[in-house]
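Residue numbers start from 1 in every chain, and the chains themselves are labelled A, B, ... in the order their sequence lines are given, proteins ahead of strands. Here the structure is a predicted model, which is why all the values come from computation and not from measurement.
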Amino acid sequence: MSDNDSGLRRSLIISVSLHVLLGALSYLGLPFLTRDMPVEDAPIVIDLVEIAERTAAPPPSAKQKEQVAQKVEPKPEPPKVEPKPEPPKPEPPKPEPPKPEPPKPVEPPKPQPQPQKPEPPKPEPKSEQVDPTLPPEPKKPDPKPEPPKPPKPEPEKTPPKKPVEEDPFKDLMKNVEKYRQQPKSSTPPPSQAAPSAPTQGATNSANSPRILNAPLADRATMSEKDAIRAQIEQNWVFDVGAKGIESMVIVLRVAINPDGTVTRVDVVDTVRYNTDSGYRAVADTAKRAVLKSQPLKYPAQKYEEFKVLELSFAPRDRL
Amino acid sequence: MMKSVRQMSLRRMGAALFGLAVAGVALAAAVAPQTARAEVKIDITRGKVEPMPVAIPDFAGPGEAGRFGGDVASVITADLERSGLFAPINKAAFIQDLPSLDTQPRFADWRTINAQLLVQGVVEPQPDGRLRLAFRLWDIYGGEQMKGQAYVTQPENWRRVSHIIADEIYKRVTGEDGYFDTRVVYVAESGPATKRVKRLAIMDQDGANHHYLSDGSNMVLTPRFSPTAQEITYMSYYNGMPRVYLLNIDTGRQELLGDFPGMTFAPRFSPDGNKVVMSMAKDGNSELYDMDLRTRRTSRLTNHPAIDTSPSYSPDGQQIVFNSDRGGAQQLYVMDAQGNNVRRISFGDGRYATPVWSPRGDLIAFTKMKGGEFYIGVMRPDGTGERMLSNGFLMEGPTWAPNGRVLMYYRQEANGAAPQLFSIDLTGFNERRLVTPQGSSDPAWSPLLP
């Protein structure tokens, strides 16, 4: 009996302590998991950049510019980003929601000439600084870009980019003297997303699909941005010979209506805009590009993210 | 006791307030990145490089004055078009009439013909017989007036005012000063190649108002404009020896500059117009000298057995670029304005000559001879970024427009025909011939007229 009793007690103790351990584990272990979440959240951003590597143009330009423009000795080039068909990147396996991939805008959708828009009554008759503001274009029932296009973005995207990247550059500044063609190295970018990607995948392979799903859905993806970028680049006309243009960055804040028409374009650096006439001239070309590009094409269901855009114009890649 | 309770509650309230504040900060911190992230950021790194479409209707005006309206618009149109940065739209495409300066442009109409800019102008007679020219520059897509200005002038000045208006448009759109209200001095060449007559001539930058400054009895070479006055310095012969002269264009007064034992040549003004820097050669060795035009004092800048010549000041007056064969082949060198700190900036093969520092400061233009051909090229003052803008059998003597954007030079073909003036944008595009009555060489661009 006492034997029995002690045996029972022992098993009871074991049972209780195991339960306590289990409870402690679940209590301590779960918070660890959840607390890790934010940390895991950060790599997601890197994943997004990876998408950019694929859909956006490779950024070799700065070096390329130097080469051609200044006829350096043919020393071994620093490895340049080579837009080879990108290797199948370890993409998070989760199928993303089909990206609304608007076809590359061939020509800017131009606002139709409004039949006889009543001009605002002119405020003052003939002072020199008459400055009537143009009323916002009455919005057209512009069909939004259909969101669910068959999602086959990559292959058709990169090839057209390449020639665009190299050719126009050659046209920009003429050099009648023929210099030897610099040997182009074709090594992939050294420390770009490629190496980092596998490690990311390894560390959070277990829960990455789950995490990736939520934030990606309501965040602007690179190809969506590419659509707007392409639209505006089509309409951006600037002067390569302007003084200091190679180091200029014009940041515009653009507010749009749900139909993609532009309600406001503000130059962020107002001080420089008002004091530096060269900067103002380039900023004006950027503003004109935005206005000429409206309605901007963005995924219809993402108006909340796209209603204010921050566009930074930097022609340096092209010089 | 009561006191301590009150203290307690105060303390507690303080703690609560502090807690609230912390919570508020935390909340703000939590919200701020959220809203910042909501803003989609896009980098635009590509664009198109093409002239900007501009619509320039005839300036409107009543009766007699209106006669000038079409001419004024034509001069402005020609100026902007020749710069290569603007593409004037054919007037036949215009939809809207702008009979007065108060007619509001219908921007949609101008957008239809792809205009990005609109110049709206009038010519009005004044009671005293003068003309009032007024214009507005409109941004079609922004729907805003970018510039508005009026000028009152004698009718015979309409041409010059048109250039001034073109300069205003250019400046507002490009952010840099224009160069249309300027003149060009050059050497007019006539007669057979073996017995050329060389005369100094001057004209507006578009070729209008051409006339001669010298009669051709003396050989005239390398005229250079003062950056500050209607004055030029040039080389001519005195007692059979080349000497540097100074000429006031308005008065026609001419004087020999300095009394040097040897021949002097390749003169050029300093940016403030107070000095002239030049070469002086004696016993086969040429050195650089500068001369203060007020005190007439000269000082020697270089001292080297090699040939140093073709000096040109940087726009701040602190440095001088010149060419020298001190390193073997003829190359470009930069030194301080006092002659110290000489350093070579050109390292290409071939020979470099006639360097000219851009008034904008960012480039040095030069002539290069290589492989039996001549080139006009530019490089940055540190020698990087060398580019050849144009080449040919013989081309020489680059001169900058006062805004440092356009170069003019002369070009001669192998067939022995007389040389001709050409201009080119510093990007290497938009090379154009400037038509002159006779052969033309050695152009020198004036500053903007006062």
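- Atom CZ of B:Arg344 has more than 12 neighbouring heavy atoms from other residues, nucleotides or ligands inside a 6.0 Å radius.
- Using a 4.0 Å cut-off between a side-chain N of Lys or Arg and a carboxylate O of Asp or Glu, A:Lys287 and B:Asp139 do not qualify as a salt bridge.
- Looking at heavy atoms from C-beta onward, A:Glu233 lies out of side-chain contact with B:Lys48 at the 4.5 angstrom threshold.
- For a residue to count as touching a neighbouring chain, one of its non-hydrogen atoms must lie under 4.5 Å from one of that chain's; by this rule B:Asp43 touches chain A with backbone and side chain alike.
- In this structure, B:Val173 and A:Ala281 approach most closely via the heavy-atom pair O-CB, 3.1 Å.
- For the side-chain contact (heavy atoms from CB on, under 4.5 Å) criterion with B:Ile44, the lone passing option out of A:Ile232, A:Ile250, A:Val290 is A:Ile232.
- Side-chain atoms of B:Leu363 and A:Lys243, non-hydrogen and from C-beta on, never get closer than 4.5 Å to each other.
- Side-chain contact between A:Lys292 and B:Arg111: absent, with no pair of heavy atoms (C-beta onward) separated by less than 4.5 Å.
- By number of non-hydrogen pairs under 4.5 angstrom with chain A, the leading residue of B:Glu176, B:Arg360, B:Glu50 is B:Arg360.
- Between A:Asp284 and B:Met146, some side-chain heavy-atom pair lies under the 4.5 Å cut-off.
- Screening A:Glu310, A:Lys225, A:Glu224 for a side-chain contact (heavy atoms from CB on, under 4.5 Å) involving B:Ile42 leaves a single residue, A:Lys225.
- Here the shortest heavy-atom pairing between B:Arg46 and A:Phe238 reads C-CE2, 4.5 Å.
- The closest side-chain heavy-atom distance from B:Lys41 to A:Leu311 is not below 4.5 Å.
- Looking at B:Leu117, only its side chain comes within 4.5 Å of chain A, counting heavy atoms on both sides.
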